[in-house]
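Along the sequence shown, residues carry numbers from 1.
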Amino acid sequence: MGVYGFLRLAATLAASLFGTLAAQAADTGVDVDVAIVFAVDFSTSVDPDTADLQRNGHAAALTSPEIVAAIGRNYFGCVGVAYFEWASPGRRRIVLPWTRICGLEDAEAAARVIRSNGDTGFSRGGRGGTSVSSAIDVASLLLDQFPGNADRKVIDISGNGENNDGLPVQSSRRNAIAKGYTINAIAIPTDSENPGYHLASYFADNVIGGSGAFVVTPTSLRDYAAALRRKLVTEISMNIGPQFPPEPQSAGKHPKSAKSRIE
């Protein structure tokens, strides 16, 4: 498929996505401190153990005392969250439409939806490759359609591989940054990962961007939930306004104020 054909397909899929959201989304109707889209990898490479980590990790993080306290300390005391799963272009699934979280009760309700509707990793056939670019594009469209006002807007990528399908990831990153959105990531380690290769470095060089962007690296699969909590506390607590940092000139030369790595 040529580039123009791919773009027409992407436009059709976007229209379909937001037709679904119009029927599903709960209208937040109020201001929030930050709107966060959780973009979670459910490609063929995501096995049941990794799927469980992502699904249960996000649910546990949202209801943790650290996150609930961080939400309450902010100006409005509320955040907006949405959760969708992605793989190759056109392979995406909304798990949690836009939902306002202003305390533990709201967080627990959102966590129940994620736990019950999130991917289990048992039906991986036919999902294709890993399109991080598509994940950023869909997340960006979700933020465009956020049904309220947000001080900051963040895309949260969770994935275990490089962009290997769809459009180049750099153009998707540039488009999201140009809108004032921040892209953060959590790089999931795999058992087969080359000891000399670090997915977090790829994410830092090619995926994350915007004001205060960072990538979190779990020390092991077991550390995923704890790393995600650290990441969310940072995102929710950052008292920064929208900025438009320049695109890095070359990989590995990111301004420290805009790109960082948290272990």
Engineer: Are any non-hydrogen side-chain atoms of Val32 and Phe76 less than 4.5 angstrom apart?
Structural biologist: no
Engineer: What I'd like to find out is whether the side chain of Ile186 reaches to under 4.5 Å of the side chain of Pro218, using heavy atoms alone.
Structural biologist: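 Yes, side chains in contact.
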Engineer: For the backbone of Gly129 and the side chain of Ser131, can you confirm whether one donor and one acceptor N or O come within less than 3.5 Å of each other?
Structural biologist: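 Pair absent, no side-chain N/O of Ser131 close to backbone of Gly129.
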Engineer: Check whether any side-chain heavy atom of Val207 lies under 4.5 Å from a side-chain heavy atom of Arg173, and answer yes or no.
Structural biologist: no
Engineer: Quick one, Asn74 and Asp151 - any side-chain contact, counting heavy atoms below 4.5 Å?
Structural biologist: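 A side-chain contact is absent here, since even the closest heavy-atom pair is not under 4.5 Å.
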Engineer: So Lys179 and Asp144, salt bridge (charged side-chain N to carboxylate O under 4.0 Å, His left out) or not? Walk me through it.
Structural biologist: CA-CA 9 Å; Lys179 295 178 181 180; Asp144 292 346; 2.8 Å; yes
Engineer: Keeping the roles fixed (side chain from Gln54, backbone from Asp41), state whether a donor-acceptor pair exists under 3.5 Å.
Structural biologist: yes
Engineer: Is any side-chain heavy atom of Val138 closer than 4.5 Å to one of Trp86?
Structural biologist: no
Engineer: Would you find more than 12 non-hydrogen atoms of other residues, nucleotides or ligands less than 6.0 Å from Glu105 atom CD?
Structural biologist: no
Engineer: Please answer whether the main-chain N or O of Glu235 pairs with a side-chain N or O of Arg152 as donor and acceptor at a distance below 3.5 Å.
Structural biologist: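 The answer is yes, because a donor-acceptor pair under 3.5 Å joins these two groups.
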Engineer: Should Val132 and Asn164 be marked as a side chain to side chain contact (heavy atoms under 4.5 Å, CB included) after you check the CA-CA gap, both sets of side-chain angles, and the distance that decides it?
Structural biologist: CA-CA 8 Å; Val132 183; Asn164 60 22; over 6 Å; no
Engineer: Which atom names give the shortest non-hydrogen contact between Ala110 and Leu96, and what distance separates them?
Structural biologist: CB-CD2, 4.0 Å
Engineer: Quick one, Leu143 and Leu141 - any side-chain contact, counting heavy atoms below 4.5 Å?
Structural biologist: no
Engineer: So Val154 and Tyr181, do their side chains get closer than 4.5 Å, heavy atoms only?
Structural biologist: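 Side-chain contact under 4.5 Å: no.
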Engineer: Yes or no on side chain to side chain contact (heavy atoms under 4.5 Å, CB included) for Asn206 and Gln170, after CA distance, side-chain angles and deciding distance?
Structural biologist: CA-CA 6 Å; Asn206 298 281; Gln170 291 83 1; 2.9 Å; yes
Engineer: Let me confirm one number: the OG1-CD1 distance from Thr217 to Ile188, rounded to the nearest 0.5 Å.
Structural biologist: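 Thr217 atom OG1 to Ile188 atom CD1 measures 11.5 Å (nearest 0.5 Å).
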Engineer: Would you mind reporting whether Ile155 and Asn184 have side-chain heavy atoms less than 4.5 Å apart?
Structural biologist: no
Engineer: What class does the angle between the rings of Phe38 and His58 fall in, given that below 30° is parallel, 30 to 60° is tilted and above 60° is perpendicular?
Structural biologist: perpendicular
